[in-house]
Amino acid sequence: MLFFSYFKEIVGREVVVELKNDLAIRGTLRSVDQYLNIKLENTRVVDQDKYPHMLSVRNCFIRGSVVRYVQLPPDGVDVELLHDATRREARGG
């Protein structure tokens, strides 16, 4: 639940989600659930030449089991927030 707690805190921020099929999608994180399913809005495909059929997609729901990485902007990592989430996880709540 550590990642779930952290992702709930960054809702509204821009992220890049890389899928296991090598598709990378940049968008605004709208929601995340306990299975790490992700809803993105205002999406753009990172490699538009490789995936031209994805140009018209603006909102998407991504099943957590197909996510390889979630990339945050360099200024988007709040170390204190991660420490707090880790402490909450260690306490069991």
Side-chain angles (χ1 to χ4, degrees):
M1 293 299 244
L2 172 62
F3 293 110
F4 173 55
S5 300
Y6 182 71
F7 283 128
K8 283 194 311 185
E9 299 291 333
I10 62 168
V11 167
R13 308 274 318 256
E14 186 170 283
V15 297
V16 177
V17 179
E18 183 180 328
L19 308 181
K20 291 180 180 177
N21 67 356
D22 294 326
L23 174 63
I25 303 171
R26 179 182 310 275
T28 305
L29 182 64
R30 275 298 141 220
S31 65
V32 63
D33 66 12
Q34 68 269 23
Y35 303 107
L36 298 182
N37 297 318
I38 295 171
K39 181 178 178 186
L40 295 178
E41 291 183 344
N42 304 318
T43 59
R44 298 180 307 284
V45 176
V46 172
D47 189 357
Q48 295 178 355
D49 295 333
K50 190 173 178 182
Y51 302 99
H53 57 283
M54 295 291 293
L55 290 175
S56 63
V57 176
R58 292 293 162 235
N59 301 308
C60 66
F61 177 85
I62 303 170
R63 183 180 167 108
S65 64
V66 301
V67 173
R68 181 180 295 150
Y69 299 113
V70 177
Q71 302 171 13
L72 303 172
D75 64 339
V77 179
D78 184 348
V79 177
E80 285 303 315
L81 186 62
L82 280 174
H83 284 260
D84 291 344
T86 304
R87 287 186 201 105
R88 281 194 305 271
E89 184 72 18
R91 285 193 312 249

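For the single chain, residues carry numbers from 1 onward in sequence order. Computed from a predicted structure; not experimentally measured.
Here the shortest heavy-atom pairing between Val70 and Ile38 reads CG2-CD1, 4.0 Å. Shortest non-hydrogen contact noted between Ser65 and Arg63 is OG-NE, 2.9 Å. Across all non-hydrogen atoms, the minimal contact from Ala24 to Val16 is CB-CG1, 4.2 Å. Of all heavy-atom pairs spanning Asn21 and Arg68, the tightest one is N-NH2, 4.5 Å. Listed here is the closest heavy atom pair of Val32 and Lys8: CG1-N, 3.9 Å.
Annotation: the span from Lys39 atom NZ to Ile62 atom CD1 amounts to 12.0 Å, rounded to 0.5 Å. Taking CG from Leu40 and CG from Asn59, the interatomic distance works out to 9.0 Å, rounded to the nearest 0.5 Å. In this structure, Arg44 CZ and Leu55 CG are separated by 12.0 Å, a value rounded to the nearest 0.5 Å.
Counting non-hydrogen atoms of other residues, nucleotides and ligands closer than 6.0 Å to OH of Tyr35 gives a total of 12 or fewer.
With sequence neighbours left out, the side chain to side chain contact (heavy atoms under 4.5 Å, CB included) criterion links Asn42 to Thr28. Considering only residues two or more places apart in sequence or on other chains, Asp84 meets the side chain to side chain contact (heavy atoms under 4.5 Å, CB included) condition with Arg87, Arg88. Val57 is linked by a side chain to side chain contact (heavy atoms under 4.5 Å, CB included) to Thr43, Met54, Cys60, counting only residues two or more places apart in sequence or in another chain.
Taken together through direct or relayed side-chain contacts under 4.5 Å among Ile, Leu, Val, Met, Phe, Trp and Tyr, Val67 and Val46 form parts of separate hydrophobic clusters. Under a hydrophobic clustering in which Ile, Leu, Val, Met, Phe, Trp and Tyr are joined whenever their side-chain heavy atoms come within less than 4.5 Å, directly or via other members, Tyr69 and Phe7 fall into different clusters.
Looking at Tyr51 and Asp22, their side chains come closer than 4.5 Å, going by heavy atoms from C-beta outward.
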